[in-house]
Amino acid sequence: QVQLVESGGGLVQAGGSLTLSCAASGRTFSHGAMGWFRQAPGANRDFVARISGIGTTYYTDSAKGRFTISAESAKNTVYLQMNSLKPEDTALYYCAYRAAAQGPSWDSSWWNRPSSYDYWGQGTQVTVSS
């Protein structure tokens, strides 16, 4: 069983920065994929960024140039560095893990679907004030 624990959320002013962490226990993620998603009240859970077991990354358009996903294998931890935050970034942020490395091409939007991931954390709240 894999457990994911997010941390690092908080309240920040627009233009500020936060770094989210996701610590995984129970299994190494080096052979799968880790993703960050977010969900605002009343909205769907949306893809933000993902990283493969070999370090390949992918971002949603709104995150490109502002967010950076990275992994520290020795700590089984994935990070999401968020800069130039905007009020529309306000949401509950979740990390997710897909155990199997097999799947469509890394460019495929299939990897952006919440249903493609097997394990989820409880989420960490990010609130950006204007």
Side-chain angles (χ1 to χ4, degrees):
Q1 189 71 12
V2 174
Q3 289 188 328
L4 304 175
V5 179
E6 302 99 333
S7 61
L11 173 64
V12 65
Q13 289 188 332
S17 299
L18 282 173
T19 299
L20 306 183
S21 301
C22 175
S25 62
R27 187 169 180 175
T28 176
F29 61 76
S30 62
H31 300 290
M34 295 287 290
W36 282 99
F37 293 77
R38 65 187 182 187
Q39 188 168 18
N44 294 326
R45 189 169 296 189
D46 293 330
F47 165 76
V48 178
R50 51 181 159 91
I51 187 167
S52 71
I54 59 172
T56 308
T57 59
Y58 195 93
Y59 299 89
T60 190
D61 286 344
S62 63
K64 288 178 183 176
R66 299 191 300 130
F67 295 2
T68 302
I69 188 171
S70 61
E72 190 171 357
S73 299
K75 294 185 178 181
N76 244 16
T77 299
V78 172
Y79 304 95
L80 185 68
Q81 171 70 41
M82 304 186 294
N83 299 324
S84 302
L85 283 162
K86 305 174 182 179
E88 51 263 44
D89 294 317
T90 295
L92 189 60
Y93 282 70
Y94 297 91
C95 68
Y97 172 57
R98 173 172 172 82
Q102 293 80 12
S105 166
W106 188 244
D107 291 337
S108 170
S109 61
W110 181 88
W111 293 94
N112 301 344
R113 300 175 189 171
S115 58
S116 299
Y117 293 79
D118 307 303
Y119 300 94
W120 292 82
Q122 294 300 307
T124 185
Q125 179 68 37
V126 171
T127 303
V128 184
S129 63
S130 57

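For reference, positions follow the sequence shown, starting with 1. Predicted, not measured: the structure shown is a model, and the values here were computed from it.
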Legend entry - Cation-pi, Trp36 ring and Arg50 (6.0 angstrom, 45 degrees):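 The answer is no, since Arg50 fails at least one limit relative to Trp36.
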Legend entry - Atom pair CD (Gln3) and CD (Gln122), whose distance is rounded to the nearest 0.5 Å: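 The distance works out to 9.5 Å.
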Inset, instruction - Output the distance between atom CG (Leu92) and atom CD (Glu6), rounded to the nearest 0.5 Å. - result: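 It comes to 7.5 Å.
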Side-chain contact, heavy-atom cut-off 4.5 Å: [X] with [Y]?
X     : Y      : value
Tyr93 : Met82  : yes
Leu20 : Thr124 : yes
Leu18 : Val126 : yes
Met34 : Cys22  : yes
Thr60 : Asp46  : no

Legend entry - Contacts of Tyr79 that satisfy side-chain hydrogen bond (donor to acceptor under 3.5 Å, both in side chains) - sequence neighbours left out: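 Tyr79 satisfies side-chain hydrogen bond (donor to acceptor under 3.5 Å, both in side chains) with Glu72 only.
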Inset, instruction - Identify whether the distance between the nearest side-chain nitrogen and carboxylate oxygen of Asp89 and Lys86 falls below 4.0 Å. - result: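 Salt bridge between Asp89 and Lys86, a charged N being under 4.0 Å from a carboxylate O: no.
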Inset, instruction - List the steps and the verdict of side chain to side chain contact (heavy atoms under 4.5 Å, CB included) for Tyr94 and Arg45. - result: CA-CA 9 Å; Tyr94 297 91; Arg45 189 169 296 189; 3.3 Å; yes
Inset, instruction - Mind checking ring pair (Phe, Tyr, Trp, His ring centres under 6.0 Å) for Phe37 and listing every partner two or more places apart, or none if nothing turns up? - result: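 In terms of ring pair (Phe, Tyr, Trp, His ring centres under 6.0 Å), with neighbours along the sequence ignored, Phe37 is linked to Phe47, Tyr117, Trp120.
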Please output the side-chain donor-acceptor pairs of residues 7-17 that fall under 3.5 Å, not counting sequence neighbours, one pair per line with the distance.
from: Ser17; atom 1: OG; to: Asn83; atom 2: OD1; distance (Å): 2.9

Inset, instruction - Output yes when a side-chain donor or acceptor of Ser52 lies under 3.5 Å from a complementary backbone atom of Ala33, and no otherwise. - result: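 Such a contact is absent between Ser52 side chain and Ala33 backbone.
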Inset, instruction - Using atom types as modelled and distance alone, determine if a side-chain donor or acceptor of Ser115 lies under 3.5 Å from a backbone N or O of Arg113. - result: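 Such a contact is absent between Ser115 side chain and Arg113 backbone.
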Inset, instruction - Would you kindly confirm whether Ile51 and Tyr119 end up in one hydrophobic cluster when ILVMFWY residues are joined by side chain heavy atoms under 4.5 Å apart? - result: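 Yes, same cluster.
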Inset, instruction - Look at the side-chain heavy atoms of Ile, Leu, Val, Met, Phe, Trp and Tyr, link any pair under 4.5 Å apart, and say whether Val128 and Val48 land in one connected group. - result: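 Per the 4.5 Å side-chain linkage, Val128 and Val48 are co-clustered.
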Contact summary for [X] and [Y], nearest pair of heavy atoms:
X     : Y      : answer
Gly32 : Tyr97  : CA-CE1, 4.2 Å
Tyr59 : Ile69  : OH-N, 2.9 Å
Ala91 : Arg38  : CB-CB, 3.8 Å
Ala99 : Asp118 : N-OD2, 2.8 Å

Inset, instruction - Begin from the C-alpha positions of Tyr58 and Trp106 and carry the test side chain to side chain contact (heavy atoms under 4.5 Å, CB included) through to its verdict. - result: CA-CA 8 Å; Tyr58 195 93; Trp106 188 244; 4.0 Å; yes
Legend entry - Glu88, CD: over 12 other non-hydrogen atoms inside 6.0 angstrom: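 Atom CD in Glu88 is crowded, with more than 12 foreign heavy atoms closer than 6.0 Å.
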Legend entry - Over 12 foreign heavy atoms within 6.0 Å of CD, Gln125: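 Yes, the 6.0 Å shell around CD holds more than 12 heavy atoms from other groups.
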